[in-house]
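Data block below; observations after.
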There are 2 protein chains.
Amino acid sequence: MERGLNRKRREYLTRRADILSAAEKVFAAKGFFGSTMDEIAKRAEFGTGSLYKYFRGKKDLYFSLIDEKVGEVTRLLRAELDKDLSPIGKIESMLYLQLSFIQRDRDFFKIYVSDRTRFEWTIKDELGKRVHKKFIAYLSALEEVMRDGIERGQFKEMDPRDMAHGFVGIVNSFVFEWIMSPGAYSLVSKAPTIMNIFFEGVRSLKERR
Amino acid sequence: MERGLNRKRREYLTRRADILSAAEKVFAAKGFFGSTMDEIAKRAEFGTGSLYKYFRGKKDLYFSLIDEKVGEVTRLLRAELDKDLSPIGKIESMLYLQLSFIQRDRDFFKIYVSDRTRFEWTIKDELGKRVHKKFIAYLSALEEVMRDGIERGQFKEMDPRDMAHGFVGIVNSFVFEWIMSPGAYSLVSKAPTIMNIFFEGVRSLKERR
DNA sequence: TCCATTTTTGAATTTTTATTCAATTTTTGA
DNA sequence: TCAAAAATTGAATAAAAATTCAAAAATGGA
């Protein structure tokens with residue numbers, strides 16, 4: 001992954017990753033304001049001051065965490081979009097990708113879900129903006145797929161942006177529910193239901209005009 | 001509304017409401033942690049200490065605000081549910097009710113949307129729990145409508161709980177988008193789109209099997 | 001081994017605000 | 001009009017935690 005780096009640099013990055021991983025657990029459990037640098041340091045087995053050699057401060061640590069993980073998913077999703085699939089195929093494979101990623105990294109998404117909606121930061125903070133941009137980019141990519149589907153006559157004539165919102169809404173809702181619940185079931189297993197609601201709707205076929 | 005109260009009590013309640021209204025604006029603009037009691041007091045034209053005669057503290061002020069507003073919507077929704085309408089009719093009228101309420105009270109919903117997802121409180125805080133319970137109750141009521149729709153053969157055979165989640169997901173997504181955007185368009189105008197996606201799905205009818 | 005350089009440390013400092021409370025102002029009822 | 005009661009005030013207090021930094025420890029090359 002990291003090529004052409006000397007040992008020093010590699011070790012630095014490893015320690016940095018260790019801190020991020022400790023922070024992930026603490027933030028997931030207590031939220032941004034509920035977590036202290038002391039606790040994160042303790043968990044990462046560093047002195048409090050050391051964290052400041054790796055990150056500018058608490059906010060920087062927090063957003064680095066989010067930014068890197070979101071970047072990772074984004075890259076995966078983009079790769080999926082580049083494959084030669086039908087619009088429905090793309091949406092389906094993106095959905096599975098997301099759900100399994102989230103399922104694998106529950107701690108992180110507890111943070112992400114709970115903060116995507118924090119306006120103060122999303123709007124004012126430089127770091128917050130960066131994260132929000134990635135969400136917007138995802139939404140645009142999705143919109144593009146929708147537009148393609150409409151052009152091919154596979155989807156209804158409807159504002160593709162509205163379609164994209166509808167889709168992420170359904171997904172988020174199931175993710176939220178899964179994260180809130182004590183974690184008994186598989187998130188990925190909800191994919192067919194999500195696809196079904198979004199593509200076919202819930203109205204009974206018997207009644208269809 | 002307040003019947004049989006003496007002037008003292010009425011005046012007290014008016015002042016309390018004034019404070020809540022000032023708090024609503026401050027919290028909506030800066031979030032819970034970004035807002036100070038000083039600023040709320042100043043905006044409400046009271047001394048800082050006075051707020052503590054009306055509320056136990058900052059958290060109490062915050063949750064009172066949320067709890068009262070959510071209670072108001074909940075009552076309206078319940079009334080709508082008691083009317084004799086078809087399942088689709090109920091869902092549609094609830095949707096319009098919600099959207100117009102949110103549109104009318106944008107400041108408040110900026111707070112609500114951004115905090116429904118704060119786990120620490122929702123789960124640990126006594127006041128937070130109360131608010132969360134109302135959301136759960138709404139979800140259950142919705143589930144009941146879905147179940148009814150299935151029984152009447154109007155909706156597909158599908159877990160009614162999943163249906164309810166799908167629906168609130170789509171709604172939330174449009175609400176979120178509306179709150180984030182600089183407020184050019186009408187939220188209520190999105191209702192038909194929401195109904196359409198949820199009931200009919202986005203797949204083109206031409207292609208339908 | 002030695003010492004210069006880098007890294008780590010955690011106690012001390014600083015900042016920020018929620019909350020308190022003694023003093024002041026307003027209201028009340030006689 | 002007046003004094004007791006109620007309400008308001010905002011400066012002072014207290015608590016919490018982010019950040020800093022001088023000292024200590026670890027590292028690396030000669």
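Numbered from 1 within each chain, the chains take letters A, B, ... in sequence-line order. These figures come from a predicted structure and were not determined experimentally.
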Nearest of C/dA18, C/dT28, D/dA17 to any side-chain atom of B/R7?
C/dT28
By the 4.0 Å heavy-atom rule, please label A/Y12 as base, sugar-phosphate, or nothing.
nothing
Whole angstroms only, please: what is the NZ-P distance between B/K53 and D/dG10?
14 Å
Heavy-atom nearest nucleotide on DNA chain C for B/E11 versus A/E45: which residue maps closer to 5'?
A/E45
Hey, is the side chain of B/Y54 poking within less than 4.0 Å of OP1 or OP2 on D/dA7, counting only N and O atoms?
no
Would you please indicate yes or no on a ring centroid separation below 6.0 angstrom for A/F108 and A/F27?
no
Once you round it to whole Å, what is the distance between C1' of C/dT16 and CD of B/E39?
14 Å
Residue matched to C/dA18 through Watson-Crick or wobble contacts both under 3.5 angstrom
D/dT13
In sequence, state the C-alpha distance, the side-chain angles, and the governing distance for B/E177 and B/K190, and then conclude on salt bridge (charged side-chain N to carboxylate O under 4.0 Å, His left out).
CA-CA 11 Å; B/E177 170 62 19; B/K190 291 293 180 183; over 6 Å; no
B/I40 CD1 to C/dT19 P, straight-line distance once rounded to whole Å
11 Å
Can you tell me the base-pairing partner of C/dT24? Count Watson-Crick or G-U wobble geometry only, both distances below 3.5 Å, and say none if there is no partner.
D/dA7
Among the nucleotides C/dT7, D/dT9, D/dA18, which one has an atom lying closest to any side-chain atom of B/S50?
D/dT9
Among D/dA6, C/dA18, C/dT7, the one nearest A/R15 by side-chain distance
C/dT7
Ranking C/dT9, D/dT8, D/dA18 by distance to the side chain of A/M37, first place goes to D/dA18
Keeping the roles fixed (side chain from B/S50, backbone from B/F46), state whether a donor-acceptor pair exists under 3.5 Å.
no
Between P of D/dA18 and CZ of B/F33, the distance in whole Å
11 Å
Starting at the 5' end of DNA chain D, which residue's closest nucleotide do you reach first, A/D38 or B/L51?
B/L51
How close or far is atom P of D/dA26 from atom NZ of A/K8, stated in whole angstroms?
16 Å
Residue A/Y52, side-chain heavy atoms: nucleotide from D/dT8, D/dT19, C/dT19 that is nearest:
D/dT19
B/F155 ring center within less than 6.0 Å of B/F199 ring center
yes
Using only side-chain N and O atoms of A/R56, determine if any of them is under 4.0 Å from OP1 or OP2 of D/dA18.
no
Just to be sure I understand the rule, does A/G57 reach a base, reach only the sugar-phosphate, or reach nothing, if contact means heavy atoms closer than 4.0 Å?
sugar-phosphate
Starting from C1' on C/dT26, measure out to CZ on B/F46 and report it in whole angstrom.
13 Å
For the pair B/Q103 (side chain) and B/V188 (backbone), establish whether a donor and an acceptor sit closer than 3.5 Å, ignoring hydrogens and angles.
yes
Taking B/K69 for its side chain and B/F109 for its backbone only, find out whether a donor-acceptor pair lies under 3.5 Å.
no
Which nucleotide in the set D/dT8, C/dA18, C/dG10 lies at the smallest distance from any side-chain heavy atom of A/T48?
C/dG10
To the nearest Å, how far apart are A/R16 CZ and C/dT8 P?
14 Å
Tell me the interatomic distance from B/K58, atom NZ, to C/dA18, atom P, rounded to whole angstroms.
4 Å
